[in-house]
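Below: the structure, in structure tokens.
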Amino acid sequence: QVQLVESGGGLVEAGGSLRLSCTASGRTFSNYNVGWFRQAPGREREFVAGITWSGTSTYYADSLKGRFTVSSDNAKTTVYLQMNSLKPEDTAVYYCGGGGSFVYNSAGRITHYPNYWGQGTQVTVSS
């Protein structure tokens, strides 16, 4: 069982930045793809960004390209989600998911089906 822990959420004004972190208890991400998701109140959980276990490939939801950046540290102990130019509509609980694969869904959009989930971290963007 892989336990994932997100951190770095909080309250920020519109236009500000936050960096979220995802760590795996007792292990590295050397063999795990990692994806970031978010879920706003009343909405379904949606894929935000992801990085392959090798760190060589990254994926983004089309609407977030250019504002969000996913990365990992060299030791692959932590996966980050750098969020810039935040908007009130970015308010959500952000989750990281480990394992699984990145695939294109029937709508042609990249998504991720992880095997493990963290508990989430709240991001609130005020206007």
Side-chain angles (χ1 to χ4, degrees):
Q1 186 73 15
V2 177
Q3 291 184 316
L4 304 179
V5 179
E6 303 94 338
S7 62
L11 174 64
V12 64
E13 292 184 350
S17 299
L18 281 175
R19 188 176 77 162
L20 307 183
S21 300
C22 175
T23 58
S25 177
R27 64 181 66 203
T28 70
F29 289 115
S30 296
N31 296 312
Y32 296 91
N33 295 326
V34 177
W36 284 98
F37 296 76
R38 67 185 184 184
Q39 187 166 19
R43 302 189 66 175
E44 292 186 355
R45 189 173 298 188
E46 63 175 347
F47 175 76
V48 172
I51 187 167
T52 55
W53 64 268
S54 62
T56 57
S57 296
T58 56
Y59 303 96
Y60 297 92
D62 288 343
S63 62
L64 299 174
K65 286 180 181 178
R67 293 198 298 125
F68 289 16
T69 303
V70 61
S71 64
S72 62
D73 63 350
N74 289 335
K76 294 185 171 54
T77 61
T78 306
V79 171
Y80 303 101
L81 182 69
Q82 177 68 43
M83 305 185 295
N84 298 327
S85 303
L86 284 163
K87 305 175 182 180
E89 52 263 43
D90 293 318
T91 295
V93 178
Y94 284 72
Y95 301 89
C96 66
S101 303
F102 296 104
V103 297
Y104 287 91
N105 62 19
S106 58
R109 296 174 181 168
I110 191 70
T111 189
H112 178 215
Y113 296 102
N115 299 320
Y116 309 102
W117 290 98
Q119 294 299 308
T121 185
Q122 176 70 47
V123 171
T124 303
V125 185
S126 63
S127 58

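Residues meeting the side-chain hydrogen bond (donor to acceptor under 3.5 Å, both in side chains) test with Glu46, sequence neighbours left out: Arg38. Judged as a ring pair (Phe, Tyr, Trp, His ring centres under 6.0 Å), and not counting sequence neighbours, the contacts of Phe102 are Tyr59, His112. Residues that satisfy the side-chain hydrogen bond (donor to acceptor under 3.5 Å, both in side chains) test with Gln82, not counting sequence neighbours, are Asn84. Listed by chain and number, the residues in a side-chain contact (heavy atoms from CB on, under 4.5 Å) with Ala49 are Tyr60, Val70, Leu81 (sequence neighbours excluded). Contacts of Phe47 classified as ring pair (Phe, Tyr, Trp, His ring centres under 6.0 Å), with partners at least two apart in sequence or in another chain: Phe37. Residues forming a salt bridge (charged side-chain N to carboxylate O under 4.0 Å, His left out) with Lys65 (at least two apart in sequence, or on another chain): Asp62. A search for ring pair (Phe, Tyr, Trp, His ring centres under 6.0 Å) contacts involving Trp53 returns nothing, not counting sequence neighbours. For Ser57, the side-chain hydrogen bond (donor to acceptor under 3.5 Å, both in side chains) criterion is met by no residue, not counting sequence neighbours. Every side-chain hydrogen bond (donor to acceptor under 3.5 Å, both in side chains) that Arg67 has, sequence neighbours left out, goes to Asp90.
Residue Leu11 shares its hydrophobic cluster (ILVMFWY side chains chained together at separations under 4.5 Å) with no other residue. Clustering of Ile, Leu, Val, Met, Phe, Trp and Tyr side chains at separations under 4.5 Å leaves Tyr80 isolated, with no partner residue. As a member of the Ile/Leu/Val/Met/Phe/Trp/Tyr network built from side-chain separations under 4.5 Å, Val103 groups with Tyr113.
To the nearest 0.5 Å, atom OG1 of residue Thr52 and atom CZ of residue Phe29 are 13.0 Å apart. Remark: Tyr94 OH to Cys22 SG distance equals 15.0 Å, nearest 0.5 Å. Residue Thr28 holds its OG1 atom at 8.5 Å from NZ of Lys76, rounded to the nearest 0.5 Å. Atoms OG1 and CG, on Thr78 and Asp73 in that order, are 4.5 Å from each other to the nearest 0.5 Å.
The 12-atom threshold is not exceeded at CD of Gln119, counting heavy atoms of other residues, nucleotides or ligands nearer than 6.0 Å.
Across Pro88 and Ala14, no two heavy atoms sit closer than the pair CD-CB, 4.1 Å. The minimum heavy-atom distance between Ala24 and Leu4, with the atom names listed, is CB-CD2, 3.8 Å.
Checked by atom type and distance alone, the side chain of Gln3 never pairs as donor or acceptor with a backbone atom of Gly118 at under 3.5 Å.
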